[in-house]
Amino acid sequence: MPETLQETISDECKDVLLHVWDYLDAQLTPDATDALRAHIAVCPPCLQYQEFQEEYMRAMRASRAKKGASWFLKARVLDELFDSGYAP
Ligand SMILES: [Zn+2]
């Protein structure tokens with residue numbers, strides 16, 4: 001039984017751990033993207049890790065978008081109040 005994570009993890013898995021954000025952001029070179037994609041396709045733990053990070057990234061973007069929407073909505077509501085003659 002290996003004592004550290006270092007011993008259990010392959011170089012390909014390490015690449016996924018280190019570069020998954022760049023991979024999801026499409027910041028890697030085409031060669032590096034292909035290499036990561038090929039490894040993720042055959043390595044269930046890396047696929048799980050990639051899906052988790054992707055989900056996290058999506059949630060972050062969604063929460064940012066929601067804040068933008070509520071700000072926009074607030075401005076529109078205020079605008080309509082002004083148009084209808086309301087003055088605070
Ligand atoms: Zn892996």
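Counting starts at 1 for both ligands and their atoms, following the listed order. Here, residue 1 is the first one in the sequence, and each next residue gets the next number.
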Please evaluate residues C13 and H39 with respect to the criterion side-chain contact (heavy atoms from CB on, under 4.5 Å), reporting the C-alpha separation (whole Å), side-chain torsions for both, the decisive distance (0.1 Å), and the verdict. CA-CA 8 Å; C13 292; H39 174 72; 3.4 Å; yes

R37 and D31: CA distance, side-chain angles, deciding distance, salt bridge (Lys or Arg N to Asp or Glu O under 4.0 Å) verdict: CA-CA 10 Å; R37 188 178 295 140; D31 281 356; over 6 Å; no

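If you take CZ on R76 and CD on E80, they are separated by 6.0 Å, rounding to the nearest 0.5 Å. Note that CD of Q53 is 11.0 Å distant from CE of M60, once rounded to the nearest 0.5 Å. Taking CD of E51 as the start and SG of C46 as the end, the distance is 11.5 Å to the nearest 0.5 Å.
The number of heavy atoms from other shown groups lying within 6.0 Å of CD (E54) is above 12.
The tally of protein N/O/S atoms under 2.8 Å from the Zn ion (ligand 1) stands at 4.
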